[in-house]
Amino acid sequence: MARNLLTITPVTPAIGAEISGLDLSQPLSEEDFNILNETLADRQVLFFRDQAKMSPEAQVRLGEYFGPLHVHPAAPTLKENPGIFVIHTHKDSVISNGDAWHSDVSCDEEPPLGTILQLHQLPTNGGDTIFASMYAAFDALSDTMKSFLCELTAIHASEHVYRNRYADRGVEDTSKVFPFSSHPIVRSHPLTGRQALFVNRTFTTKINDMTDGESAALLGFLFDHVEKPEFQVRFKWTENAVAFWDNRCAQHLAMWDYWPEERKGHRVTIKGDRPTYQASRA
Ligand code: SIN
């Protein structure tokens with residue numbers, strides 16, 4: 001059977017690609033998988049429009065081409081399919097997932113490789129997601145700052161993020177211990193070999209081997225730096241569009257600017273490796 005050829009259109013010089021000619025609800029060919037895998041590592045976030053609504057099984061199948069699924073340490077999953085994390089914000093929500101800059105669950109020892117989100121219900125306006133290139137953020141630093149940061153590690157904690165976060169969805173977490181980990185501030189992408197800054201305002205709490213004051217000052221600089229508009233792409237969702245982002249080299253922010261309207265979808269998250277830093281070969 002003839003099928004459309006997959007096309008890739010970069011969105012900004014730094015980040016993002018629109019992919020067309022692919023129905024994500026169907027099994028992926030090996031060739032298409034390889035193209036998506038390479039393009040994801042290069043462009044950091046892929047956008048797919050004009051998609052059919054994926055069943056939970058189809059979305060889990062799509063995620064599993066890229067690796068085993070990640071189990072979220074706090075969020076409830078869909079009862080019928082534990083691979084699905086329901087993204088849902090409405091007029092009675094007390095929090096909205098992802099409404100501060102973050103790389104998903106960077107507090108885990110092995111933070112997620114990537115995340116695939118399909119939104120089924122959108123507000124009339126707003127509810128965009130903004131993605132930022134951590135390759136571009138690293139590349140924009142001076143050589144002196146790059147060398148300094150490459151030696152450093154930082155704590156990514158989550159108690160302050162997750163405790164009671166999902167109480168309104170029936171999650172009781174009194175006896176739970178939430179993850180925290182130490183990660184390099186600069187991580188090397190295992191596919192591209194490029195360096196990416198790996199600190200985010202949500203989870204990164206302290207730079208190791210520094211005083212509190214030194215750490216706060218340097219993190220303040222880094223948080224402002226990674227959130228600069230020139231590293232960003234902004235995705236305006238359409239019904240059943242899909243965004244697939246690489247948490248190893250991008251971070252994101254989901255705008256909650258549409259209250260009291262509702263926004264809903266399904267996310268699958270792919271397990272990743274322990275972040276490491278390797279000096280560039282060049
Ligand atoms: C998230 O961080 O997973 C939420 C992203 C979004 O809802 O756009």
Side-chain angles (χ1 to χ4, degrees), residues 11 15-16 18 40 44-49 51 53-54 56 59-60 62-63 66 69-78 82-91 93-108 111-134 156 158 160-162 165-166 168-169 171 179 198-204 226-227 232-259 261-272:
V11 187
I15 182 169
E18 294 255 2
L40 178 69
Q44 310 140 71
V45 57
L46 309 180
F47 305 119
F48 305 82
R49 297 194 187 271
Q51 294 293 316
K53 182 175 176 178
M54 281 184 278
Q59 195 168 346
V60 164
L62 177 63
F66 296 85
L69 298 191
H70 170 268
V71 179
H72 197 281
T77 55
L78 198 62
I84 299 284
F85 175 170
V86 179
I87 295 291
H88 191 191
T89 304
H90 50 83
K91 71 175 178 16
S93 294
V94 283
I95 55 117
S96 183
N97 268 103
D99 66 339
W101 282 102
H102 67 289
S103 169
D104 289 326
V105 202
S106 68
C107 53
D108 264 1
L113 173 161
T115 304
I116 301 173
L117 175 63
Q118 180 169 53
L119 287 186
H120 309 140
Q121 183 174 347
L122 300 171
T124 316
N125 296 296
D128 299 353
T129 308
I130 309 173
F131 298 87
S133 168
M134 294 303 102
H156 293 235
S158 62
H160 65 290
V161 180
Y162 292 142
R165 186 173 179 86
Y166 296 101
D168 65 334
R169 294 207 203 168
V171 176
F198 196 62
V199 290
N200 65 80
R201 204 179 282 279
T202 296
F203 294 109
T204 316
V226 297
E227 295 168 11
Q232 298 174 7
V233 63
R234 184 170 180 134
F235 188 52
K236 196 157 200 45
W237 291 87
T238 44
E239 194 180 320
N240 295 331
V242 173
F244 184 179
W245 59 89
D246 187 331
N247 286 298
R248 299 166 295 187
C249 52
Q251 54 180 284
H252 60 284
L253 164 74
M255 296 294 300
W256 190 13
D257 52 3
Y258 48 89
W259 187 90
E261 288 198 58
E262 197 169 353
R263 180 179 181 274
K264 193 172 181 184
H266 285 170
R267 155 180 154 169
V268 298
T269 313
I270 302 143
K271 196 170 164 309

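Ligands are counted one by one from 1 in listed order, and the atoms in each one are counted from 1 as well.
Looking at Thr115, Thr202, Asn97 one by one, the single match for side chain to side chain donor-acceptor pair (under 3.5 Å) with Asp104 turns out to be Thr115.
With Gln121 contributing its side chain and Glu262 its backbone, the two residues share no donor-acceptor pair below 3.5 Å. Side-chain N or O atoms of Trp259 include one that pairs as donor or acceptor with a backbone N or O of Lys91 at under 3.5 Å.
Note that the CZ atom of Arg267 and the CD1 atom of Ile116 stand 11.0 Å from one another [nearest 0.5 Å].
Taking Trp237 as the reference, Phe235 meet the ring pair (Phe, Tyr, Trp, His ring centres under 6.0 Å) condition, with sequence neighbours excluded.
Between Tyr162 and His72, the ring centre distance stays below 6.0 Å.
Around ligand 1 you find Ile87, Asn97, Gly98, His102, Asp104, Leu117, Thr129, Trp245, His252, Ala254, Arg263, Arg267, each with a heavy-atom distance below 4.0 Å.
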